[in-house]
Amino acid sequence: MTIQYLAQKLVLVREQKPLIHNITNVVVTNFTANGLLALGASPVMAYAKEEVADMAKIAGALVLNIGTLTESEVQAMIIAGKSANEYGVPIIFDPVGVGATPYRTAVAKRILEELKVTIIRGNAAEIANLTGEDWSIKGVDAGDATGNVAQLAVKAARQFSSIVVITGEEDIATDGTQIYSIRNGHPILTKVTGSGCLLSSVIGAFAAVELNKLEAAAAALIYYGVAAECAVKETGDNRPGSFQIELLNQLSLVTPKEIEQLARVEQFQAEGGE
Amino acid sequence: MTIQYLAQKLVLVREQKPLIHNITNVVVTNFTANGLLALGASPVMAYAKEEVADMAKIAGALVLNIGTLTESEVQAMIIAGKSANEYGVPIIFDPVGVGATPYRTAVAKRILEELKVTIIRGNAAEIANLTGEDWSIKGVDAGDATGNVAQLAVKAARQFSSIVVITGEEDIATDGTQIYSIRNGHPILTKVTGSGCLLSSVIGAFAAVELNKLEAAAAALIYYGVAAECAVKETGDNRPGSFQIELLNQLSLVTPKEIEQLARVEQFQAEGGE
Amino acid sequence: MTIQYLAQKLVLVREQKPLIHNITNVVVTNFTANGLLALGASPVMAYAKEEVADMAKIAGALVLNIGTLTESEVQAMIIAGKSANEYGVPIIFDPVGVGATPYRTAVAKRILEELKVTIIRGNAAEIANLTGEDWSIKGVDAGDATGNVAQLAVKAARQFSSIVVITGEEDIATDGTQIYSIRNGHPILTKVTGSGCLLSSVIGAFAAVELNKLEAAAAALIYYGVAAECAVKETGDNRPGSFQIELLNQLSLVTPKEIEQLARVEQFQAEGGE
């Protein structure tokens with residue numbers, strides 16, 4: 001896969017303006033919608049049990065995010081997800097904070113059991129929690145343990161038969177066989193709430209226009225990381241307010257050319273197999 | 001009606017600082033509240049069935065927005081709306097995404113049946129859905145079909161005995177007899193989530209201080225469009241993050257003088273009658 | 001207490017990055033989370049009855065804010081609060097808009113009766129409503145009535161056996177015996193929605209790292225006011241959009257040195273006693 005090829009996926013999103021149905025947390029709704037608009041996608045948020053099935057089936061992707069889950073919202077997620085599954089709409093699942101409470105862990109498991117999830121995106125601790133690894137004992141700082149993060153992602157991908165994306169200093173996207181390692185982005189992203197949630201929705205937008213969902217995920221990660229790098233060039237690395245706004249600008253401004261020039265991506269094969 | 005007269009309505013809002021009760025979607029709450037504060041109004045959000053009647057009756061206007069409706073919120077809207085009707089508080093209704101799902105359409109109809117709505121604001125497709133027109137078949141791009149948009153607004157105004165505002169490249173406000181056509185604003189507004197929702201609340205603020213609700217709507221449209229034009233002069237037309245913030249600045253900075261200079265408004269009579 | 005001593009509390013927050021569990025209103029979630037991140041704390045929002053007890057017990061502080069309360073959220077607040085009380089986690093209570101409706105007033109009383117609240121923060125009208133004073137008749141503009149504000153805070157602190165913070169032109173923090181009077185900040189804060197709500201969460205972050213909760217509150221008030229002053233120097237006092245973003249920047253940038261230089265704080269004893 002050439003970098004040019006992945007960079008061109010951005011053009012597809014901007015041309016097709018896919019409708020992305022988000023059932024997400026109350027902290028990031030605005031930022032997510034504005035980020036998707038800046039990218040060129042078409043965001044919709046809908047939560048009512050009475051309408052989520054209808055909305056999900058006309059969407060290009062469904063993004064489920066449990067950041068501020070409530071029981072009623074979880075039920076809506078399941079209804080929306082079943083509709084998405086029925087109509088072949090890809091589901092992106094963001095298990096925010098899974099492991100922080102038993103309820104959150106139980107809900108994440110329920111979603112993974114009841115729905116066919118296309119892509120799971122989380123940080124290393126979240127993905128480890130899903131797979132049952134005792135990651136926090138090994139140390140939460142994913143940045144130090146590069147090899148293990150890819151290994152963890154591969155394990156999770158095989159366990160859930162999903163594409164798994166783990167973000168951190170190094171981003172990993174894998175289907176359990178192919179692995180993309182991406183080193184774009186900037187640590188200031190961790191100072192902006194919802195930067196991971198928005199990324200999940202951006203992955204949804206790329207997955208809506210690209211049949212190969214692993215390439216969609218990799219293309220989205222590179223695009224998003226490059227936009228963050230362009231933003232931090234404008235604002236410096238200690239102004240999180242300005243960075244948040246400039247990230248929205250750059251999501252709109254970034255070109256395939258810039259992506260080609262700035263991409264830091266490697267592709268390799270996972271060891272072992274099923 | 002002179003432009004000076006409409007421009008002065010802004011002064012009324014800033015002097016009286018009307019309390020605007022919003023029952024709105026979770027995507028735009030923050031932006032709406034900050035926009036109303038920048039204008040000089042006093043926003044309040046309240047959703048609990050136990051308190052919305054009390055809040056609506058002390059408000060200068062009640063804004064109902066179904067962007068992320070849930071059944072419980074719809075019930076609160078009806079309770080708040082009945083209280084507003086009883087106490088003579090104008091209701092602004094924003095039927096976000098009506099037509100996208102059957103539930104959304106049913107809720108919009110229920111609101112229009114159970115409440116006396118003072119002003120309805122939507123885009124052409126939304127208003128057409130309310131009136132039962134098959135607008136999407138005629139083509140959704142309201143910008144090309146100026147004559148039809150005014151005609152649609154007049155039809156809706158007569159059907160619902162409300163003032164109807166349709167926003168797009170040309171904004172229309174009509175009571176079914178008088179028509180205002182306003183050509184302020186900028187396309188980048190469509191890149192900021194909630195720019196239409198905030199406009200509905202801004203119309204509420206003007207309706208709170210002006211007895212003639214059609215003039216209130218026209219004055220609000222001109223003011224908002226001028227603020228957007230002033231903002232885009234500062235940020236350019238491809239930085240949606242910066243534009244969103246600068247719009248808040250300009251909602252605070254715009255003067256009646258600037259409104260007079262930049263207003264592009266025409267007034268005419270609707271053809272036919274009831 | 002020297003100013004240097006209070007200024008150093010900021011270092012503690014940045015080093016310890018306390019987890020702050022917010023059950024707050026839908027208007028301010030994003031701004032609150034970004035403000036806490038900018039400060040260096042670690043925000044979490046969680047609302048589900050099924051998980052709030054688990055989240056509250058691992059938090060450094062629990063912030064309860066009734067800005068857009070619903071019955072289900074109030075129940076979650078009580079559950080979270082009881083867990084916080086059991087595990088010694090300080091509770092900060094922000095009675096937004098108490099007095100505006102009977103329901104809001106009833107909920108605030110219920111929270112104060114069922115939970116041991118560590119710190120209550122509101123404006124003068126809100127605190128007066130809690131104590132049963134007919135403050136609105138005396139005039140709502142707390143800025144004119146300095147002496148009375150301190151008196152009101154002392155009365156409330158004694159009545160609820162809590163630390164009470166009243167913010168306005170002059171901020172007061174008192175345990176009913178010691179009084180801090182702080183004159184930092186800027187009136188443009190009232191033009192940014194959630195600036196008070198974020199302050200409550202910032203107080204939570206300081207309370208999470210400092211055993212003396214009155215000093216924690218005073219240190220938080222000075223820090224926040226100084227950040228606002230630094231922000232307004234950058235943006236001027238009539239650009240609320242830019243100010244909101246710059247405040248986030250300054251919450252990240254402000255140093256103990258700047259706090260020492262800019263603090264305007266006095267400490268004195270309350271008259272009378274219990």
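Computed from a predicted model, the values in this text were never measured in an experiment. Convention: sequence-line order gives letters A, B, ...; per-chain numbering from 1.
- In this structure, no portion of E73(C) lies under 4.5 Å from any heavy atom of chain B.
- Proximity to chain B (any heavy atom under 4.5 Å) is restricted, for T190(C), to the backbone atoms N, CA, C and O.
- Taking both residues in full, the closest heavy atoms of T193(C) and N30(B) are given as CG2-ND2, 3.5 Å, listed atom of the first, atom of the second, then distance.
- Residue K191(C) holds its NZ atom at 10.5 Å from CG of L36(B), rounded to the nearest 0.5 Å.
- For I245(C), the part lying under 4.5 angstrom from a heavy atom of chain B is the side chain only.
- Of the inter-residue distances, the one linking L69(C) atom CG with E51(B) atom CD reads 5.0 Å to the nearest 0.5 angstrom.
- Across N249(B) and R239(C), no two heavy atoms sit closer than the pair OD1-C, 3.1 Å.
- From Y103(C), atom OH reaches atom NZ of K49(B) across 10.5 Å, with rounding to the nearest 0.5 Å.
- Rounded to the nearest 0.5 Å, atoms CD (Q244(C)) and CG (L248(B)) are 6.5 Å apart.
- Contact check for P102(C) versus D54(B): side-chain heavy atoms found under the 4.5 Å cut-off.
- Exactly one residue among T29(C), T68(C), V26(C), V28(C) makes a side chain to side chain contact (heavy atoms under 4.5 Å, CB included) with T29(B). That residue is V26(C).
- In this structure, the separation between CG on N34(B) and CZ on F31(C) is 8.0 Å, given to the nearest 0.5 Å.
- Taking both residues in full, the closest heavy atoms of T70(C) and A48(B) are given as CA-CB, 4.1 Å, listed atom of the first, atom of the second, then distance.
- Heavy-atom minimum distance, R104(C) versus M45(B): NH2-O, 3.8 Å.
- Summarising the geometry of I58(B) relative to A100(C), their closest heavy-atom pair is CD1-O, 4.0 Å, with the distance given to 0.1 Å.
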Next item on the list: Test side chain to side chain contact (heavy atoms under 4.5 Å, CB included) on L253(B) and N238(C) and set out the steps.
Entry: CA-CA 7 Å; L253(B) 291 167; N238(C) 203 9; 3.3 Å; yes
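- Closest non-hydrogen pair, V27(C) versus A33(B), comes out as CG1-CB, 3.9 Å.
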